[in-house]
**Q** 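Following this message is one structure expressed as structure tokens.
Every heavy atom of this structure was used, including side-chain atoms; hydrogens, water molecules and symmetry mates were not. Order of the sequence lines fixes the chain letters, A, B, ..., with proteins taken first and strands second; residue numbering starts at 1 for each chain. Predicted, not measured: the structure shown is a model, and the values here were computed from it.
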Amino acid sequence: MSTYEPLAIEKKWQTYWLEKKTFKTETDKEKPKYYILDMFPYPSGSGLHVGHPEGYTATDILARYKRMKGFNVLHPIGWDAFGLPAEQYAVKTGTHPRETTENNIKRFREQLQMLGFSYDWDREVNTTDPDYYKWTQWIFLKLFEKGLAYEDEAPVNWCPELGTVLANEEVIDGKSEVGGYPVIRKPMRQWMLKITEYAEELLEGLDDLEWPESTKEMQRNWIGKSIGAEIDFQIKDYDEKIRVFTTRPDTIFGATYMVLAPEHHLVKEITSKDYKDKVEEYIKEAGLKSDLERQELSKEKSGVFTGAYAINPANGKEIPIWIADYVLAHYGTGAIMAVPGQDERDWEFAEAFDLPIIRTVQPPDDFEGKAYIEDGPAINSDFLNGLHIPEAKNKITEWLEENGVGKKSVNYKLRDWLFSRQRYWGEPFPIIHVDGKPKAVPEEELPVTLPDVDRFQPTKTGEPPLANATDWVETTDPETGKKALRETNTMPQWAGSCWYYLRYISPEFDGGPVDPEEEKYWMPVDLYVGGSEHSVLHLLYARFWHKVLYDCGIVSTKEPFQKLVHQGMILGEMEYTAFRKNGKVISAEKASELEEVERVRVDESEVEKKGERFVLKGTETTIEARAHKMSKSRGNVVNPDDVVKQYGADSLRLYEMFMGPLEQVKPWSTKGVEGVNRFLNRVWRLFTGNEYEDTLLITEAEPTRDQLKVLHEAIKKVTEDIEAMRFNTGISALMIFSNEANQWDGVPRAIAEPFLKILSPYAPHIAEELWNRIGHTKSLAYEPWPAYDEEYLKSDSVIFPVQINGKVREQLNVPANKASDKDFVIGLAKQQAKVQKYLEGTTTIKEIFVPGKIVNLVVKPS
RNA sequence: GCGAGAGUGGCGGAAUUGGUAGACGCGCUAGAUUUAGGAUCUAGUAUCUUCACCGAUGUGGGGGUUCGAGUCCCCCCUCUCGUACCA
């Protein structure tokens, strides 16, 4: 067999690795550790797509590299296997989600193994395994004991079609993320987690993490800390106060009215008779509106007057109290003091309802806008006049505190986490209800397993599917023997993924979620790679649980993931699209203005570039040229199975890394896969000769100095690029090596072996096979990583560009030992005929010399 | 609107500290090999001018700093992602 046949050798080595347990991780505390984690996949029915192997190949390269560097590497994988699709499939077909899930996992596992990832398969975790979710439930009990889990009646996003409540993040434009069904608001009993208690810690913890700045920023925005003051406004003729939160207490003299959220608890009480009907109608309308409608209708401010007045504590003036849905019930105190002079929303509202506007900050003379939100001296503000915002804030806050009508206050946008779902396929809560009160199931009774049911639909009233399993629901309190009812909500998908990185550390441990000894060795995760779609939720929730576990003494680090990298999305192939309207081809610019245009796919060969635009060949008709997100409906999905079948896993791995920087969004190109496949073919022939011979081309000759230089340059570049996760340029270095080596008459063993080692993290199968063929009997997975020697990188001469006035005019070939000799190099430069031509009739003003780099002669006409 | 990131050949991209812009790969052109195709090998391939050399231009646009700018500073444009009345 002399031709490169990836399928045969890949299968062979995958079996070898699995059978020999090549990548089994033992805790060897003598060695430095490296914990490298992939975001585990949801095993969907459609199998792996080409996006998965991108991040997984990157981490696999690092894992293989670190092993060869002498690290003890933990590189596990598992399954985030609870989730809605399997349940929806069960509702449709009656197939138990467990069955669907098992099948999907089997497929995913085979696909991942087919790509040659070096996971320790003995540490596989599965969130739906009772031995796993036992500990998910156990952690929930910790939260419950600490008062961080509580029940609440909350208006939630109820989706009648899915028969379930959705979290805000699962609702997109007022429709369900899954399926696109309408969502309405409905009050329901829910479990909530007090993530807000950890808001400050979650914010502070971000500072020391090596995460993308954009991700940290998104988390900061999500937590949304703002510093300001709470101020109490006395209601006229009532023994009640309205508390507001404001970041601009300095503008209080400009507060000309107040606004309560329609849901505010005082609205009903303070509304006067004359306004009762209107207010009630407004509340009813606001309550029925879905989030989408609220947004759509929000372009115009709406609201009604309650008939009540409040007293501005700063100046004793009476100001009207309105209700309006631009004030959100769940942010701050659900009430604001409206200062139209300094707030754009309040200004709009004031204009719409003809309310007074008082400026309290002096805008610059040329200011033409409405509300002025920038800094300036205070006006119309009594004792604050003349002060700028920061000083005015301090002064008024002190005044408020002295007079007992307000205080400094910190507010967070972050809300408590709605932690229950009305679904079957999730972790049951370890909670029973005794006399109507929730009570923890004793630890020794965990796990509370999912009962088998016949039907997976919720009840008609929206009770979760588990409510149908009456035998399971009705139980007794083991402590008192009283009748008890099990909680029928289940946990959201986030629960299992909040702590899975801990279970990998000691997957068999039965004394807790993680073995404390092992945890101290392995944590934190050194590198976590996954999609940026998890920037906020998964990563914030997992950090929250980790901090709770830290406070419980279960884990030893305050943060779970030290370094985080997001792989960029892989788009479909580049597409060229022409537009047609009524049968006539029109330009892309025109098409974007018109409706109902027909899109026509155009082949690349029909296209040319004219200036900035792509046009149909020989015409002026612009067309659209862009790559789109892969989607079934567009029909541009690339299936990794097909790619492997045709080119092999090594080619797929190599191509995914060669496409461009890991973090970047980039379009797929099947031609590109062919390119790296050609490279592997060349490497194969470098060792095995052409297809007609069956001889090894490895020689036992001493390598030449030139060969050593080529090798060591590759080692240096590949090593540095793996460390910095610049895999694309690392591959380029491997290609340069093979291009050079192809010119040689046979490759000396002393060159071939290190090359196979540095190739192996990228293309492990071909590297193992060739390693084996040149006479080794053991896997190269733990061979020491070759070091490069600076000595070999030196060359005898240096090419010096000579610039005259910054333009390159000549190249000098300077002996390496003279490369830092300014006089020599400049002297040599001036001798060149071409240089002399340019120097003719000029005076040299300056001679720039950068040792080993460049010469620049600055001249002017004399 | 706001926040973050990015604009380099026909395409994906490279240039790590300011020092020869376009590495490597794709595509394309020509040639070798081959009955032919494929595969492989060799040479070429930013643009303009030119038979060619030479030369000029060139990293979204405009300005600036510098002997020298893809890289640093200011202004503007476009695209991608995130976000949505957060007081």
**Q** Write down the distance separating the P atoms in G38(B) and C28(B), rounded off to the nearest Å.
**A** 11 Å
**Q** Can you sort out the partners of Q803(A) under side chain to side chain contact (heavy atoms under 4.5 Å, CB included), two or more places apart, ordered by chain and number?
**A** V808(A), I854(A), N856(A)
**Q** With respect to the phosphate group of G55(B), does any side-chain polar atom (N or O) of Y838(A) fall under 4.0 Å of OP1 or OP2?
**A** yes
**Q** Listed by chain and number, what are the side chain to side chain contact (heavy atoms under 4.5 Å, CB included) partners of A310(A), not counting sequence neighbours?
**A** F233(A), M258(A), I319(A), I321(A)
**Q** Looking at residues at least two apart in the chain, or sitting in another chain, which of them share a side chain to side chain contact (heavy atoms under 4.5 Å, CB included) with S532(A)?
**A** S535(A), H566(A)
**Q** Would you list the protein and nucleotides 57-64 of chain B atom pairs, both N or O, that sit under 3.5 Å from each other?
**A**
unit_1 : atom_1 : unit_2  : atom_2 : d
U57(B) : OP2    : K807(A) : NZ     : 3.4

**Q** Indicate whether OP1 or OP2 belonging to C41(B) is found under 4.0 Å from a side-chain N or O atom of R685(A).
**A** yes
**Q** Just to confirm, is there a sub-4.0 Å distance from OP1 or OP2 of C81(B) to any side-chain nitrogen or oxygen of S214(A)?
**A** no
**Q** Report, as a single string ordered 5' to 3', how protein heavy atoms within less than 4.0 Å touch nucleotides 12-20 of chain B: B base, S sugar-phosphate only, - not at all.
**A** BSS-B--BB
**Q** Please tell me if R678(A) has a side-chain N or O lying less than 4.0 Å from either OP1 or OP2 of C26(B).
**A** yes
**Q** Treat a base pair as Watson-Crick or G-U wobble with both distances under 3.5 Å, then lay out RNA chain B in dot-bracket form, 5' to 3', with | for cross-strand pairs.
**A** (((((((..(((......[....)))((((((.......))))))(((......)))..(((((..]....))))))))))))....
**Q** Looking at K301(A) and C85(B), is any side-chain donor or acceptor paired with a base atom of the opposite kind under 3.5 Å?
**A** yes
